[in-house]
Amino acid sequence: MHHEENYVVRKASLEDIELLQKLGRQTFHETFRDSNTPENLNKYLEENFNFRQLTKELNKQGSEFFIAWQGDAPVGYLKINTGEAQLEFKKADEMEIERIYVLKAFWGKFAGQHLLDFALSLGRKQNLHKVWLGVWEKNFRALRFYEKNGFLPFSSHDFIVGDDVQTDILMQLTLK
Ligand SMILES: CC(C)(COP(=O)(O)OP(=O)(O)OC[C@H]1O[C@@H](n2cnc3c(N)ncnc32)[C@H](O)[C@@H]1OP(=O)(O)O)[C@@H](O)C(=O)NCCC(=O)NCCS
(Lines give C-alpha, C1' and ligand atoms only; values in the text may rest on other atoms or scores of the structure.)
Protein backbone atom coordinates (compact mmCIF):
# COMPACT_ATOMS: atom_id res chain seq x y z
CA MET A 1 0.00 0.00 0.00
CA HIS A 2 1.15 3.50 -0.69
CA HIS A 3 1.26 6.31 1.82
CA GLU A 4 -2.21 7.76 2.43
CA GLU A 5 -2.23 11.34 3.63
CA ASN A 6 -5.65 11.07 5.25
CA TYR A 7 -7.77 12.11 2.32
CA VAL A 8 -11.52 11.82 2.43
CA VAL A 9 -13.63 11.84 -0.74
CA ARG A 10 -17.15 13.25 -0.57
CA LYS A 11 -19.81 13.67 -3.22
CA ALA A 12 -20.34 17.28 -4.25
CA SER A 13 -23.74 18.88 -4.81
CA LEU A 14 -25.14 22.22 -5.96
CA GLU A 15 -24.24 23.63 -2.54
CA ASP A 16 -20.57 23.16 -3.43
CA ILE A 17 -20.77 25.11 -6.68
CA GLU A 18 -18.56 27.99 -5.52
CA LEU A 19 -15.89 25.60 -4.29
CA LEU A 20 -16.07 23.54 -7.48
CA GLN A 21 -15.70 26.69 -9.54
CA LYS A 22 -12.65 27.75 -7.54
CA LEU A 23 -11.06 24.28 -7.66
CA GLY A 24 -11.90 23.88 -11.35
CA ARG A 25 -10.43 27.22 -12.37
CA GLN A 26 -7.34 27.02 -10.18
CA THR A 27 -6.38 23.46 -11.08
CA PHE A 28 -6.92 23.98 -14.83
CA HIS A 29 -4.86 27.16 -14.69
CA GLU A 30 -2.05 25.54 -12.69
CA THR A 31 -1.93 22.57 -15.04
CA PHE A 32 -2.08 24.32 -18.41
CA ARG A 33 -0.87 27.92 -17.96
CA ASP A 34 2.56 27.12 -19.41
CA SER A 35 1.17 25.41 -22.50
CA ASN A 36 -1.62 27.81 -23.60
CA THR A 37 -1.90 31.51 -24.37
CA PRO A 38 -3.56 33.54 -21.57
CA GLU A 39 -6.36 34.40 -24.04
CA ASN A 40 -7.17 30.76 -24.84
CA LEU A 41 -6.88 29.76 -21.19
CA ASN A 42 -9.23 32.54 -20.07
CA LYS A 43 -11.72 31.71 -22.78
CA TYR A 44 -11.77 28.08 -21.67
CA LEU A 45 -12.16 29.04 -18.00
CA GLU A 46 -14.98 31.49 -18.73
CA GLU A 47 -16.88 29.00 -20.89
CA ASN A 48 -16.45 25.94 -18.72
CA PHE A 49 -16.52 27.16 -15.14
CA ASN A 50 -19.32 29.73 -15.09
CA PHE A 51 -22.20 29.05 -12.67
CA ARG A 52 -24.66 28.33 -15.48
CA GLN A 53 -22.46 25.64 -17.01
CA LEU A 54 -21.53 24.13 -13.63
CA THR A 55 -25.19 24.04 -12.56
CA LYS A 56 -26.07 22.21 -15.75
CA GLU A 57 -23.29 19.67 -15.19
CA LEU A 58 -24.16 19.15 -11.50
CA ASN A 59 -27.80 18.52 -12.39
CA LYS A 60 -27.08 16.19 -15.28
CA GLN A 61 -28.31 12.63 -14.87
CA GLY A 62 -25.30 10.29 -14.91
CA SER A 63 -22.70 12.94 -13.98
CA GLU A 64 -21.25 13.06 -10.49
CA PHE A 65 -18.67 15.36 -8.86
CA PHE A 66 -16.56 14.38 -5.85
CA ILE A 67 -14.19 16.51 -3.79
CA ALA A 68 -11.10 15.17 -1.99
CA TRP A 69 -10.44 16.74 1.39
CA GLN A 70 -7.53 16.74 3.79
CA GLY A 71 -9.21 17.81 7.02
CA ASP A 72 -10.99 21.07 6.22
CA ALA A 73 -8.92 21.72 3.11
CA PRO A 74 -10.23 20.76 -0.34
CA VAL A 75 -7.31 19.36 -2.38
CA GLY A 76 -8.85 18.22 -5.65
CA TYR A 77 -11.93 16.96 -7.43
CA LEU A 78 -13.23 14.25 -9.71
CA LYS A 79 -16.02 14.27 -12.30
CA ILE A 80 -17.33 10.96 -13.62
CA ASN A 81 -19.97 10.22 -16.24
CA THR A 82 -21.94 7.05 -16.82
CA GLY A 83 -24.61 6.11 -19.34
CA GLU A 84 -25.77 8.89 -21.64
CA ALA A 85 -23.78 11.48 -19.71
CA GLN A 86 -20.52 10.16 -21.20
CA LEU A 87 -19.02 12.46 -23.85
CA GLU A 88 -18.44 9.57 -26.29
CA PHE A 89 -19.42 5.91 -26.84
CA LYS A 90 -22.09 6.10 -24.10
CA LYS A 91 -21.90 2.40 -23.32
CA ALA A 92 -24.03 1.28 -20.38
CA ASP A 93 -21.22 -0.81 -18.83
CA GLU A 94 -18.53 1.90 -18.99
CA MET A 95 -17.56 4.97 -16.97
CA GLU A 96 -15.81 8.08 -18.20
CA ILE A 97 -13.48 9.99 -15.91
CA GLU A 98 -14.04 13.44 -17.39
CA ARG A 99 -11.95 15.32 -14.83
CA ILE A 100 -9.46 14.43 -12.15
CA TYR A 101 -7.66 17.49 -10.90
CA VAL A 102 -5.54 18.08 -7.81
CA LEU A 103 -4.24 21.45 -6.60
CA LYS A 104 -0.58 21.88 -7.53
CA ALA A 105 0.47 22.08 -3.88
CA PHE A 106 -0.74 18.46 -3.55
CA TRP A 107 0.71 16.96 -6.72
CA GLY A 108 2.75 13.84 -6.03
CA LYS A 109 1.09 13.34 -2.64
CA PHE A 110 -1.34 10.61 -3.72
CA ALA A 111 -4.44 12.80 -3.70
CA GLY A 112 -4.92 12.01 -7.39
CA GLN A 113 -4.30 8.33 -6.66
CA HIS A 114 -6.94 8.47 -3.95
CA LEU A 115 -9.48 10.04 -6.33
CA LEU A 116 -8.67 7.52 -9.06
CA ASP A 117 -8.97 4.56 -6.66
CA PHE A 118 -12.31 6.00 -5.52
CA ALA A 119 -13.58 6.19 -9.12
CA LEU A 120 -12.44 2.64 -9.88
CA SER A 121 -14.13 1.27 -6.77
CA LEU A 122 -17.37 3.03 -7.75
CA GLY A 123 -17.11 1.41 -11.16
CA ARG A 124 -16.59 -2.02 -9.61
CA LYS A 125 -19.53 -1.55 -7.25
CA GLN A 126 -21.72 -0.78 -10.28
CA ASN A 127 -20.35 -3.86 -12.07
CA LEU A 128 -19.00 -1.74 -14.91
CA HIS A 129 -16.68 -3.34 -17.41
CA LYS A 130 -14.44 -0.46 -18.34
CA VAL A 131 -13.22 3.02 -17.31
CA TRP A 132 -12.03 5.41 -20.01
CA LEU A 133 -10.73 8.99 -20.19
CA GLY A 134 -9.11 11.54 -22.47
CA VAL A 135 -5.74 13.11 -21.66
CA TRP A 136 -3.81 15.77 -23.58
CA GLU A 137 -0.98 14.14 -25.54
CA LYS A 138 1.54 16.53 -23.92
CA ASN A 139 0.31 16.16 -20.34
CA PHE A 140 3.17 13.81 -19.52
CA ARG A 141 2.61 13.72 -15.77
CA ALA A 142 -1.00 12.63 -16.21
CA LEU A 143 -0.08 10.14 -18.96
CA ARG A 144 2.48 8.52 -16.68
CA PHE A 145 -0.02 8.50 -13.83
CA TYR A 146 -2.62 6.64 -15.93
CA GLU A 147 -0.03 4.27 -17.40
CA LYS A 148 1.23 3.28 -13.97
CA ASN A 149 -2.39 2.57 -13.05
CA GLY A 150 -2.78 0.18 -15.98
CA PHE A 151 -4.61 2.40 -18.48
CA LEU A 152 -3.86 1.69 -22.16
CA PRO A 153 -4.32 4.05 -25.13
CA PHE A 154 -7.00 3.03 -27.63
CA SER A 155 -7.92 6.14 -29.66
CA SER A 156 -7.70 9.93 -29.78
CA HIS A 157 -9.98 12.93 -30.20
CA ASP A 158 -9.86 16.73 -30.49
CA PHE A 159 -9.96 18.94 -27.44
CA ILE A 160 -10.56 22.67 -27.91
CA VAL A 161 -8.90 25.27 -25.68
CA GLY A 162 -9.98 28.71 -26.89
CA ASP A 163 -9.08 28.69 -30.59
CA ASP A 164 -6.46 25.94 -30.21
CA VAL A 165 -7.35 22.42 -31.38
CA GLN A 166 -5.37 19.92 -29.31
CA THR A 167 -5.18 16.13 -29.36
CA ASP A 168 -6.38 14.07 -26.43
CA ILE A 169 -5.29 10.45 -26.15
CA LEU A 170 -8.14 8.19 -25.06
CA MET A 171 -7.10 5.56 -22.52
CA GLN A 172 -9.04 2.71 -20.99
CA LEU A 173 -8.81 0.27 -18.12
CA THR A 174 -10.75 -2.99 -17.90
CA LEU A 175 -12.14 -3.45 -14.40
CA LYS A 176 -11.65 -6.78 -12.72
C1 LIG B 1 -2.39 13.77 -12.69
C2 LIG B 1 -2.72 13.84 -11.19
C3 LIG B 1 -4.22 13.69 -10.98
C4 LIG B 1 -1.99 12.71 -10.49
O5 LIG B 1 -2.27 12.79 -9.10
P6 LIG B 1 -1.10 12.75 -8.02
O7 LIG B 1 -1.75 12.71 -6.70
O8 LIG B 1 -0.15 13.86 -8.29
O9 LIG B 1 -0.46 11.37 -8.35
P10 LIG B 1 0.91 10.82 -7.84
O11 LIG B 1 1.07 11.15 -6.40
O12 LIG B 1 0.94 9.40 -8.25
O13 LIG B 1 2.03 11.66 -8.62
C14 LIG B 1 2.03 11.72 -10.01
C15 LIG B 1 3.43 12.12 -10.51
O16 LIG B 1 3.66 13.54 -10.31
C17 LIG B 1 5.05 13.72 -9.93
N18 LIG B 1 5.14 14.95 -9.13
C19 LIG B 1 5.12 15.03 -7.80
N20 LIG B 1 5.18 16.32 -7.39
C21 LIG B 1 5.26 17.06 -8.52
C22 LIG B 1 5.35 18.46 -8.77
N23 LIG B 1 5.37 19.36 -7.77
N24 LIG B 1 5.41 18.87 -10.04
C25 LIG B 1 5.41 17.98 -11.04
N26 LIG B 1 5.31 16.65 -10.87
C27 LIG B 1 5.23 16.18 -9.62
C28 LIG B 1 5.35 12.49 -9.13
O29 LIG B 1 6.73 12.24 -9.18
C30 LIG B 1 4.55 11.41 -9.82
O31 LIG B 1 5.31 10.82 -10.86
P32 LIG B 1 5.83 9.29 -10.72
O33 LIG B 1 4.62 8.43 -10.53
O34 LIG B 1 6.49 9.06 -12.03
O35 LIG B 1 6.76 9.28 -9.57
C36 LIG B 1 -2.26 15.17 -10.56
O37 LIG B 1 -0.88 15.31 -10.70
C38 LIG B 1 -2.95 16.38 -11.14
O39 LIG B 1 -4.02 16.78 -10.69
N40 LIG B 1 -2.34 17.00 -12.15
C41 LIG B 1 -2.89 18.19 -12.77
C42 LIG B 1 -4.24 17.97 -13.43
C43 LIG B 1 -4.21 16.95 -14.53
O44 LIG B 1 -3.30 16.91 -15.34
N45 LIG B 1 -5.23 16.11 -14.52
C46 LIG B 1 -5.41 15.09 -15.50
C47 LIG B 1 -6.09 15.68 -16.68
S48 LIG B 1 -6.43 14.39 -17.87
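Predicted, not measured: the structure shown is a model, and the values here were computed from it. Just so it is clear, the values below take in all heavy atoms, side chains as well, and ignore hydrogens, waters and symmetry mates. Start at 1 and go down the list; that is how both ligands and their atoms are numbered.
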- Message: Please enumerate all residues that pass side chain to side chain donor-acceptor pair (under 3.5 Å) together with Trp132, with sequence neighbours excluded.
- Response: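 By the side chain to side chain donor-acceptor pair (under 3.5 Å) rule, Trp132 matches Gln86.
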- Query: So, Asp16 side chain and Leu19 main chain: donor-acceptor pair closer than 3.5 Å or not?
  - Reply: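 Not at all, since once roles are kept as given, no pair shorter than 3.5 Å links the two residues.
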- Task: For Asn50 and Glu47, indicate whether the former's side chain and the latter's backbone hold a donor-acceptor pair under 3.5 Å.
- Result: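 Present.
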- Item | Distance (rounded to the nearest 0.5 Å) between Leu23 CG and Glu18 CD |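 Rounded to the nearest 0.5 Å, the CG-CD separation comes out at 12.0 Å.
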- Under a 4.0 Å heavy-atom cut-off, which residues neighbour ligand 1?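 Those residues closer than 4.0 Å to ligand 1 by some heavy atom are Thr31, Ile100, Tyr101, Val102, Trp107, Gly108, Lys109, Phe110, Ala111, Gly112, Gln113, Gly134, Val135, Asn139, Arg141, Ala142, Arg144, Phe145, Tyr146, Lys148.
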- Query: Got a sec, which residues hit side-chain contact (heavy atoms from CB on, under 4.5 Å) with Lys79, two or more places apart in sequence or on another chain?
  - Reply: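 side-chain contact (heavy atoms from CB on, under 4.5 Å) check on Lys79 returns Glu57, Ser63, Phe65, Asn81, Glu98, Arg99.
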Exercise answer: donor-acceptor pairs, residues 149-161 side-chain atoms, under 3.5 Å, sequence neighbours excluded:
| residue | atom | partner | partner atom | Å |
| --- | --- | --- | --- | --- |
| Asn149 | OD1 | Gln113 | NE2 | 2.8 |
| Asn149 | ND2 | Gln113 | OE1 | 3.2 |
| Asn149 | ND2 | Phe145 | O | 2.9 |
| His157 | ND1 | Glu88 | OE2 | 2.3 |

